[in-house]
J.: 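Below are the C-alpha cells for one structure; questions will follow.
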Amino acid sequence: MAKPRTPKGRTIEVARRLAEAYPDPASELDHTNAFELLVATILSAQSTDARVNIVTPVLFRRYPTAAALAAANPADVEEIIRSTGFYQNKTKSLIGMAQALIERFGSEVPTGLDDLVTLPGVGRKTGNVVRSVAFDLPGLPVDTHVLRLSKRLGLSELQDPVKLELTLNSYLPPAARGDFSLRMILHGRRVCTAKRPNCFECVLEDICPSSRVPRRASQK
C-alpha cells in the first residue's frame with residue numbers, strides 16, 4: 001500500500017492497524033470503579049502500573065471511598081504507598097483529592113475534564129484516563145509512550161503533552177481517542193520500546209520513518 005503522506009493520514013492508518021493488533025485494549029491499572037482508577041492513576045506518576053497494582057489492594061481495602069480516604073492518617077497512607085515513590089506528595093494529593101470530591105462533587109468522581117483537573121494531583125493526562133477508561137467518554141491521555149511513539153511514527157514532532165493531545169484529537173474522532181491512547185501505550189511497552197524497539201515484529205514497520213529494518217534502494 002502507498003504510505004500515508006501527512007501526519008493526519010499516518011495517525012489514521014496507525015489507529016487502524018493498532019486496532020487490529022490490540023482489539024480489546026484495557027488499562028493495566030487494576031480498579032473496579034472510577035474512584036479506584038483515579039487513585040491508581042495518581043499513584044502511577046513516576047512509577048509503574050505493576051508496582052501500583054501491588055499496593056492498591058491494601059489501599060482500597062483500607063480506604064474504599066472518598067470519605068474514608070479524606071479522613072485518613074497521612075502517615076498510614078504513606079506507609080502503604082511508599083514503594084510507588086514520591087509517597088509524601090502523593091499522599092497529600094490523594095487525601096486532598098478525596099476531600100475535594102466530598103466538598104465539591106458530592107463524593108462522586110466528576111466526568112468533566114475541567115472539573116477533574118481542579119482536583120489535587122490531577123492533570124490532563126490523569127483526567128483523560130478517568131474520562132476515557134472509567135466513563136467511556138472522549139479523552140486522549142498523553143504519557144511518555146504516546147509522546148515517544150508519536151515522534152517515531154511521524155505523527156507529530158510536538159513534545160508538549162497538551163499540544164500533542166490537541167493535535168491528535170484533531171486527527172481522530174472523539175470515540176476513538178481513548179482506545180488509541182491505550183493501544184499506543186501497549187505498543188510502546190510490548191514492541192516499540194524506548195531503547196530497543198522490535199521493528200521486525202512491528203505492524204507499523206513499513207510506514208514508520210524510524211524503522212531500523214534495512215531496505216533496498218528500490219523500497220525507499
Side-chain angles (χ1 to χ4, degrees), residues 25-60 62-72 74 76-78 80-147 158-169 174 177-182 184-185:
S27 171
E28 295 189 322
L29 289 170
D30 295 339
H31 65 282
T32 62
N33 55 53
F35 175 69
E36 289 185 354
L37 179 61
L38 178 54
V39 169
T41 308
I42 291 173
L43 287 175
S44 70
Q46 304 299 315
S47 188
T48 66
D49 290 359
R51 170 53 55 184
V52 172
N53 289 340
I54 291 173
V55 305
T56 48
V58 176
L59 188 69
F60 294 158
R62 185 82 62 88
Y63 311 107
T65 64
L69 186 56
D76 293 337
V77 176
E78 289 177 2
I80 295 171
I81 70 169
R82 182 183 295 269
S83 65
T84 67
F86 301 96
Y87 61 93
Q88 292 176 319
N89 287 337
K90 289 179 181 179
T91 294
K92 291 178 182 178
S93 293
L94 290 175
I95 294 176
M97 174 272 292
Q99 292 171 343
L101 290 182
I102 294 170
E103 294 168 2
R104 294 192 277 119
F105 299 105
S107 299
E108 298 294 327
V109 177
T111 59
L113 185 60
D114 289 343
D115 289 329
L116 284 162
V117 297
T118 67
L119 300 171
V122 179
R124 289 185 68 89
K125 183 188 82 170
T126 296
N128 277 318
V129 168
V130 173
R131 276 177 56 82
S132 60
V133 175
F135 298 121
D136 197 25
L137 293 170
L140 201 161
V142 173
D143 73 345
T144 55
H145 298 290
V146 176
L147 277 169
L158 293 169
Q159 290 299 293
D160 179 275
V162 176
K163 291 180 180 178
L164 178 59
E165 174 200 337
L166 298 178
T167 296
L168 294 175
N169 281 349
R177 294 169 187 167
D179 281 352
F180 175 79
S181 174
L182 285 172
M184 289 277 277
I185 292 169

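Note that the numbering runs from 1 along the sequence shown for the chain. Just so you know, these numbers come straight off a predicted model, no measurement behind them.
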J.: With a 4.5 Å heavy-atom cut-off, do Arg62 and Val77 have their side chains touching?
T.: no

J.: Distance-only, no hydrogens or angles: does the Lys90 side chain make a donor-acceptor pair with backbone N or O of Ile42 under 3.5 Å?
T.: no

J.: Please round to the nearest 0.5 Å and tell me the distance separating atom CG of Leu164 and atom CG of Leu140.
T.: 8.0 Å

J.: Mark yes when over 12 heavy atoms from residues, nucleotides or ligands other than Asp136 sit less than 6.0 Å from its CG; otherwise mark no.
T.: no

J.: With distance as the sole test, does Ser181 use its side chain to make a donor-acceptor pair with the main-chain N or O of Gly178 at under 3.5 Å?
T.: no

J.: Compare all side-chain heavy atoms of Leu29 with those of Leu43 and state whether any distance is below 4.5 angstrom.
T.: no

J.: Is there a side-chain contact between Thr84 and Ser44 (heavy atoms, below 4.5 Å)?
T.: no

J.: With a 4.5 Å cut-off on side-chain heavy atoms, are Ile185 and Glu28 touching?
T.: no

J.: For residues Ser107 and Thr65, determine if any side-chain heavy atom of one lies less than 4.5 Å from a side-chain heavy atom of the other.
T.: no

J.: Below 4.5 Å, heavy atoms only, C-beta onward: do Leu116 and Val109 meet side chain to side chain?
T.: yes

J.: To the closest 0.5 Å, what do you measure between CG (Asn33) and CZ (Phe60)?
T.: 7.5 Å

J.: So, Asn53 side chain and Asp30 main chain: donor-acceptor pair closer than 3.5 Å or not?
T.: yes

J.: Measuring only between side-chain heavy atoms, which start at C-beta, is Tyr63 closer than 4.5 Å to Leu94?
T.: no

J.: Find the distance between NE2 (His31) and CG (Leu38) and round it off to the nearest 0.5 Å.
T.: 11.0 Å

J.: Please list, chain by chain and in numerical order, all residues satisfying side chain to side chain contact (heavy atoms under 4.5 Å, CB included) with Leu113, sequence neighbours excluded.
T.: Val117, Arg124, Asn128, Arg131

J.: Taking C-beta and beyond as the side chain, do Pro141 and Val146 meet within less than 4.5 Å on heavy atoms?
T.: no

J.: Could you check Leu37 against Ser27 for side chain to side chain contact (heavy atoms under 4.5 Å, CB included), going step by step and ending with a plain yes or no?
T.: CA-CA 9 Å; Leu37 179 61; Ser27 171; 4.3 Å; yes

J.: Is the backbone of Asn169 close enough, under 3.5 Å, to the side chain of Arg177 for a donor and an acceptor to pair up by distance?
T.: yes

